Amino acid sequence: RLGRFWKGPASGCDGAEGVSHRAIPRHIHGYYESHQPRTQQQIKYFPYKKEMTVDGVQVPTVMDIIYMYYFPRELTDDERIRYVSLKSERNEDDVAEELFQMRRLKLFAAQSLRNKVSGCLLYTSPSPRDS
């Protein structure tokens with residue numbers, strides 16, 4: 001039954017049923033709590049923060065594990081160079097030089113685009129000839 005997840009509605013002064021803080025789902029006010037029977041660990045789940053703690057220590061939830069698998073963190077430069085050199089069987093120095101050249105090219109393209117955009121701003125205020 002869903003009744004165990006909801007607090008009961010409050011009665012008004014005239015006995016009418018109304019919506020109050022008691023009509024809000026229980027988990028908005030805090031967390032679900034349980035105990036692991038074998039190890040006696042206290043487990044708390046905070047649904048709106050999407051966090052879970054075991055004996056006060058935050059542990060990853062199922063969604064955290066899924067996101068880590070499908071959306072891995074970005075590699076650092078050293079990790080990326082090592083990975084590319086292993087997969088392509090090339091020297092790490094060559095891969096690092098190529099990465100550096102690609103970044104210089106991207107920076108040059110971005111700077112030239114910025115210069116073109118700032119150089120061609122249109123003057124849009126009304127002139128006396130427009131009247």
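Positions are given from 1, in the same order as the sequence printed here. Since we're looking at a predicted model, the values are computed, not measured.
Considering only residues two or more places apart in sequence or on other chains, Arg104 meets the side chain to side chain donor-acceptor pair (under 3.5 Å) condition with none of them.
Without hydrogens or angle criteria, Glu89 side chain to Leu86 main chain gives no donor-acceptor distance under 3.5 Å.
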Side-chain donor-acceptor pairs under 3.5 Å in residues 64-74, sequence neighbours left out?
| residue | atom | partner | partner atom | Å |
| --- | --- | --- | --- | --- |
| Asp64 | OD2 | Thr61 | N | 3.0 |
| Asp64 | OD2 | Thr61 | OG1 | 3.3 |
| Arg73 | NH1 | Glu79 | OE1 | 3.3 |
| Arg73 | NH2 | Glu79 | OE2 | 3.1 |
| Glu74 | OE1 | Arg80 | NH2 | 3.4 |

Please output the side-chain donor-acceptor pairs of residues 92-100 that fall under 3.5 Å, not counting sequence neighbours, one pair per line with the distance.
| residue | atom | partner | partner atom | Å |
| --- | --- | --- | --- | --- |
| Glu97 | OE2 | Gln101 | NE2 | 2.9 |
| Glu98 | OE1 | Arg90 | NH2 | 2.4 |

Stepwise side-chain contact (heavy atoms from CB on, under 4.5 Å) check, Arg103 with Asp77: CA-CA 12 Å; Arg103 285 199 176 152; Asp77 287 342; 2.7 Å; yes
Should Phe46 and Thr53 be marked as a side-chain contact (heavy atoms from CB on, under 4.5 Å) after you check the CA-CA gap, both sets of side-chain angles, and the distance that decides it? CA-CA 8 Å; Phe46 302 86; Thr53 61; 4.0 Å; yes
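Heavy-atom minimum distance, His35 versus Glu33: NE2-OE2, 3.9 Å.
A heavy-atom distance below 4.5 Å is not found between the side chains of Val54 and Gln42.
Salt bridge annotation for Asp55-Lys44: absent, with no cationic side-chain nitrogen under 4.0 angstrom from a carboxylate oxygen.
In terms of hydrophobic clustering, with Ile, Leu, Val, Met, Phe, Trp and Tyr side chains grouped at heavy-atom distances under 4.5 Å, Leu113 and Leu107 are assigned to different clusters.
Within the model, atoms CD of Glu51 and OH of Tyr45 stand 10.0 Å from one another, a figure rounded to the nearest 0.5 Å.
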